[in-house]
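In what follows, a single structure is set out as structure tokens and then discussed.
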Amino acid sequence: MFISQISTLKNSSIADFIKVLLRGISQVILIENAISGFLILLAIMIYSNSLGLMALLSSFLGTVVGKLGGADTKDIDQGLFGYNSVLTGISLSLFLEGSFRWFIALSGAFIAAIFTAIVMHITKKVRIPTLTFPFIIVTWLILLSSYKLKALKLSPLLVPQDLVHWKLYISGNINWVEGVFSGIGQVFFLDHILSGIILFIAVFWSSWKFGVLAIIGNALALMTAYLLGAEHPLIIKGLYGYNAILTILAVGIVFSSPQKKYNFLSGIIATILTVPITASISIWLIPYGLPALTMPFVLSSWIFIGARNILPNL
């Protein structure tokens with residue numbers, strides 16, 4: 001009987017740990033739900049088995065750093081030490097080449113978890129959420145180091161351009177259906193319609209409000225980008241949509257409360273704001289060949305969430 005209890009406890013502990021890993025994946029979309037995390041992992045695996053494995057291993061590394069480092073158990077169980085590692089591992093495995101690519105990506109995921117702890121300490125003092133800022137900084141720094149370190153090789157996807165000779169190309173028709181599902185897919189760097197559909201299901205599984213706002217945020221980004229004359233290929237690929245989805249969820253629901261009068265309106269304005277922020281950050285990074293990642297989401301969300309410390313009705 002005693003042996004049976006020990007076995008049950010071990011199985012329970014393993015199951016709980018797996019749930020934490022899945023929550024670490026779901027927290028990328030500001031969701032704390034293991035089933036949603038499993039659906040997201042499935043969406044990634046459909047796009048690429050290796051990318052799915054990287055997501056899982058990165059979540060594992062982030063969670064282990066939190067546990068071994070003695071972080072608050074609640075933060076660990078919510079997956080708050082996993083999501084920045086997940087994004088860092090995925091992005092570096094995509095944007096780097098060479099035999100050391102996986103080692104560097106997993107090392108980056110490990111570093112992202114440690115940096116997350118630092119940023120969490122700082123942001124708590126100013127009463128704004130950490131969001132994906134650790135992932136952005138760690139990824140940018142590692143990608144930039146490739147220009148000085150031979151072992152790190154940038155993917156051909158990232159090509160530095162001379163800003164003086166850069167031109168805006170707007171041509172071709174827009175496949176709006178592809179743009180809708182690519183928008184949410186690009187949160188995880190996925191350019192795949194089926195993966196996008198599963199990601200929307202994952203969001204709706206967590207909460208119908210999350211799902212509805214994700215659709216609204218994506219639609220606002222598509223319309224705003226089109227009306228402002230953004231490049232059509234970028235609209236179709238969802239490169240203006242994913243930051244908008246994350247922003248409307250953060251400002252409109254996750255970091256808000258029923259007492260605030262203008263939750264939804266703040267979310268709408270912050271979402272629209274991600275489009276020009278995306279355009280400006282993208283052009284700023286062109287000479288370095290770096291992607292904007294989720295910095296538009298972070299900046300737009302910080303503006304409104306931070307302002308609530310002084311303007312509580314927002």
Side-chain angles (χ1 to χ4, degrees), residues 12 14-49 51-56 58-60 62-63 74-87 89-90 129 131-132 135 177-222 238 241-258 263-264 267 271 294 297 301:
S12 176
I14 293 172
D16 290 340
F17 185 71
I18 291 173
K19 288 179 182 178
V20 172
L21 297 186
L22 294 174
R23 289 191 200 108
I25 295 173
S26 71
Q27 282 286 4
V28 172
I29 317 184
L30 304 160
I31 294 170
E32 183 189 337
N33 189 291
I35 295 177
S36 294
F38 173 77
L39 290 172
I40 292 169
L41 183 60
L42 177 63
I44 299 172
M45 294 287 285
I46 288 174
Y47 180 78
S48 167
N49 290 331
L51 210 61
L53 179 59
M54 176 58 70
L56 193 59
S58 297
S59 183
F60 172 82
T63 302
K74 183 179 179 182
D75 289 341
I76 297 171
D77 290 344
Q78 288 177 334
L80 298 183
F81 278 90
Y83 71 97
N84 275 295
S85 293
V86 169
L87 285 174
I90 289 176
L131 302 179
T132 56
F135 143 65
V177 174
E178 184 178 348
V180 167
F181 293 109
S182 293
I184 193 168
Q186 286 292 350
V187 173
F188 294 92
F189 307 96
L190 310 180
D191 186 11
H192 195 277
I193 292 179
L194 179 57
S195 294
I197 293 172
I198 295 174
L199 287 174
F200 268 120
I201 293 172
V203 177
F204 270 100
W205 182 274
S206 171
S207 165
W208 68 266
K209 290 182 180 180
F210 273 61
V212 171
L213 276 190
I215 291 174
I216 292 173
N218 201 23
L220 283 171
L222 287 171
Y242 70 99
N243 279 294
I245 292 171
L246 295 174
T247 301
I248 198 168
L249 292 178
V251 179
I253 296 183
V254 178
F255 300 104
S256 188
S257 67
N263 285 339
F264 184 68
T271 299
T294 52
F297 150 60
S301 297

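Residue numbers count from 1 along this sequence.
Although no hydrogens or angles enter the test, the distance criterion places no donor-acceptor pair under 3.5 Å between the side chain of S36 and the main chain of W205. Between the side chain of S182 and the backbone N or O of G238 there is no donor-acceptor pair closer than 3.5 Å. Without hydrogens or angle criteria, Q27 side chain to Q78 main chain gives a donor-acceptor distance under 3.5 Å.
The two residues S85 and G62 come nearest to each other via the heavy atoms OG-CA, 3.5 Å. Of all non-hydrogen atoms in A55 and L41, the two that sit nearest each other are CB-CD1, 4.4 Å. The two residues I40 and A202 come nearest to each other via the heavy atoms CG1-CB, 3.8 Å. Scanning both residues, V254 and F210, for their nearest heavy atoms gives CG2-CZ, 3.7 Å. Residues A244 and G217 share a closest heavy-atom pair of CB-O, 3.5 Å. Closest approach of A250 and F297 over heavy atoms only: CB-CE1, 3.8 Å.
Distance CG/L39 to CG/L22: 9.5 Å, rounded to 0.5 Å. Taking OG of S59 as the reference point, atom CG of N84 lies at 11.0 Å (rounded to 0.5 Å). Interatomic distance, F81 CZ to T63 OG1, rounded to the nearest 0.5 Å: 9.5 Å. Taken to the nearest 0.5 Å, the CG atom of N33 stands 10.0 Å off from the OG atom of S207. The OG atom of S206 sits 9.0 Å away from atom CD of E32, with the distance rounded to the nearest 0.5 Å. Once rounded to the nearest 0.5 Å, the distance linking CD1 of I245 with CD of Q186 reads 10.0 Å.
In this structure, the side chains of I216 and T271 stay at 4.5 Å or more apart for every pair of heavy atoms. A 4.5 Å side-chain heavy-atom check between I44 and I90 finds at least one atom pair inside the cut-off. Between L199 and V187, the closest side-chain pair of non-hydrogen atoms is not below 4.5 Å. Within the 4.5 Å cutoff, side-chain heavy atoms of L131 are placed close to those of F255. Between V20 and R23 the shortest side-chain heavy-atom distance falls below 4.5 Å. Between L42 and I46 there is a side-chain heavy-atom pair separated by less than 4.5 Å. Side-chain contact between F135 and V86 is absent, with no heavy-atom pair separated by less than 4.5 Å.
Sorted by first and then second residue, the side chain to side chain donor-acceptor pair (under 3.5 Å) pairs with a member in residues 39-49 read S48-S50; sequence neighbours excluded.
At most 12 heavy atoms of other shown residues, nucleotides or ligands fall within 6.0 angstrom of atom CZ in F60.
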Point to revise | Worked check of side chain to side chain contact (heavy atoms under 4.5 Å, CB included) between Y83 and I29 | key: CA-CA 9 Å; Y83 71 97; I29 317 184; over 6 Å; no
Exercise for review: Given side chain to side chain contact (heavy atoms under 4.5 Å, CB included), test L190 with L51 step by step and report yes or no.
Suggested key: CA-CA 10 Å; L190 310 180; L51 210 61; 3.9 Å; yes
Exercise for review: Carefully, step by step, assess I184 and N218 under the rule side chain to side chain contact (heavy atoms under 4.5 Å, CB included).
Suggested key: CA-CA 8 Å; I184 193 168; N218 201 23; 5.6 Å; no
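F38 pairs by the ring-ring contact (aromatic ring centres under 6.0 Å, His included) definition with nothing, not counting sequence neighbours.
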